[in-house]
Amino acid sequence: QVQLQESGPGLVKPSETLSLTCSVSGGSIIGSWWSWIRQPPGQGLEWIGYIYHSGSSNYNLSLKSRVTMSVDTSKNQFSLKLSSVTAADTAVYYCARSNYKQFFDFWGQGILVTVSA
Amino acid sequence: DIQMTQSPSSLSASVGDRVTISCRASQRISTSLNWYQQKPGKAPNLLIYAASNLQTGVPSRFSGSGSGADFTLTISSLQPEDFATYFCQQSFSIPDTFGPGTRLDIK
């Protein structure tokens, strides 16, 4: 059973860069697509992007200029960087496995990131 | 981007009721439609993929139907653990987009 766990700072200052890591256990990061999805408090879900173990990626154009995703196959981890954050980026951030970019079948528990001075 | 809408936005029902939640896409998406259940403070959990396929481990009282732009999630006989928020999601084209959710409460 694949398990995912997000880690990173829970508080980021405005204009700084949000950095999160997702650690994958119970399976290899190789051969699957991986995603970040966020959910502002009390709101709906927003897909941020996909990344493959090779580094190939797709980002949501609404965030594209600020998003960078990467993979570290040696650590079985993938990461998210979101630059120039504002209060609107405050959300629970989930990492998830995407089954051939068709559906999200395994999710991390989520990490709340608050953007505040 | 493909916009997803859901109806109703909230719903009150009793244990044992049959419940139907609708999801509509702003354009045709074939059967590239998934359903998730989310409980407070938890990550979403995949229930149905590709419109009508039950995810492994999900009780058979959950079912999905539809194609094109209109889809339905049905719970045949509500159980206490089913009270949650339900989201649809399209994977037909990037960016993947989610519906706003349907909150299912106990009557």
Side-chain angles (χ1 to χ4, degrees), chain A residues 1-7 20 22-24 26-27 32-52 56-67 69 91-113, chain B residues 1-10 21 23-25 29-58 62 64 66-67 71 73 84-103:
Chain A
Q1 172 96 343
V2 174
Q3 293 185 306
L4 298 91
Q5 177 70 58
E6 303 90 348
S7 60
L20 296 175
C22 183
S23 298
V24 179
S32 292
W33 286 89
W34 305 90
S35 260
W36 289 96
I37 296 157
R38 69 180 183 178
Q39 185 172 35
Q43 297 185 40
L45 297 156
E46 180 181 30
W47 172 78
I48 299 171
Y50 286 121
I51 191 160
Y52 196 57
S56 179
S57 60
N58 303 102
Y59 299 148
N60 193 324
L61 289 179
S62 68
L63 300 168
K64 184 176 182 181
S65 63
R66 299 195 292 131
V67 171
M69 296 173 64
V92 175
Y93 285 76
Y94 295 101
C95 58
R97 189 182 82 166
S98 173
N99 193 308
Y100 298 98
K101 295 190 192 178
Q102 294 302 303
F103 51 86
F104 303 105
D105 53 1
F106 294 100
W107 296 64
Q109 65 184 26
I111 182 169
L112 174 62
V113 179
Chain B
D1 297 3
I2 297 175
Q3 306 302 315
M4 307 300 294
T5 57
Q6 289 182 233
S7 61
S9 57
S10 64
I21 297 169
C23 176
R24 174 168 287 180
I29 59 171
S30 185
T31 57
S32 299
L33 190 285
N34 309 304
W35 290 98
Y36 300 86
Q37 176 194 67
Q38 186 177 35
K39 296 182 179 179
K42 300 294 185 182
N45 180 51
L46 177 68
L47 299 175
I48 302 287
Y49 63 93
S52 61
N53 295 277
L54 192 67
Q55 172 68 345
T56 302
V58 174
F62 291 92
S67 66
F71 303 87
L73 173 69
T85 299
Y86 294 84
F87 295 94
C88 60
Q89 174 239 338
Q90 68 81 20
S91 58
F92 184 78
S93 68
I94 288 173
D96 289 22
T97 46
F98 292 84
T102 294
R103 180 174 172 171

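Computed over heavy atoms, backbone and side chain alike; hydrogens, waters and symmetry mates excluded. Everything numeric here is computed off the predicted structure, so don't read it as measured data. Reminder, nothing fancy here: chain letters follow the sequence lines and each chain counts from 1.
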Problem - Most contacts with chain A, counted as non-hydrogen pairs under 4.5 angstrom, among B:Asn34, B:Thr56, B:Thr97 - result: B:Asn34

Exercise for the section: Let me know if B:Asp96 has heavy atoms under 4.5 Å from chain A in its side chain, its backbone, both or neither. Expected result: both

Handout entry: Portion of B:Pro44 that has a non-hydrogen atom of chain A nearer than 4.5 angstrom
Key = both

Handout entry: More than 12 heavy atoms from other groups under 6.0 Å of NZ on B:Lys42
Key = no

Exercise for the section: Please check if atom CZ in B:Arg24 has more than 12 non-hydrogen atoms from other residues, nucleotides or ligands closer than 6.0 Å. Expected result: no

Problem - Nearest atoms (heavy-atom pairs only) where B:Ala43 meets A:Gly108 - result: CB-O, 3.2 Å

Problem - Check: B:Phe87 and A:Gln39 side chains under 4.5 Å, non-hydrogen atoms - result: yes

Fill in the blank from the handout: Under 4.5 Å to a heavy atom of chain B? For A:Tyr94 that would be side chain

Practice task
Identify which part of A:Tyr50 has an atom lying under 4.5 Å from any heavy atom of chain B, answering side chain, backbone, both or neither.
Solution key: side chain

Practice task
For A:Tyr59, check side-chain hydrogen bond (donor to acceptor under 3.5 Å, both in side chains) against everything at least two apart and list the hits.
Solution key: none

Handout entry: Heavy-atom pair count under 4.5 Å with chain B, highest-scoring of A:Ile37, A:Asn60, A:Leu45
Key = A:Leu45

Completion exercise
chain B shares the most heavy-atom pairs under 4.5 Å, among A:Lys101, A:Gln43, A:Gln102, with A:Gln102

Completion exercise
Those residues of residues 88-95 of chain B that come under 4.5 Å of chain A on a heavy-atom basis, listed by number, are B:Gln89, B:Ser91, B:Ile94, B:Pro95

Practice task
Look at the aromatic rings of A:Phe104 and B:Tyr36 and report parallel, tilted or perpendicular, splitting at 30° and 60°.
Solution key: tilted

Exercise for the section: Please round to the nearest 0.5 Å and tell me the distance separating atom CG of B:Leu33 and atom CZ of A:Phe103. Expected result: 13.0 Å

Practice task
Verify, without hydrogens or angle tests, whether A:Asp105 (side chain) and B:Leu46 (backbone) share a donor-acceptor contact under 3.5 angstrom.
Solution key: no

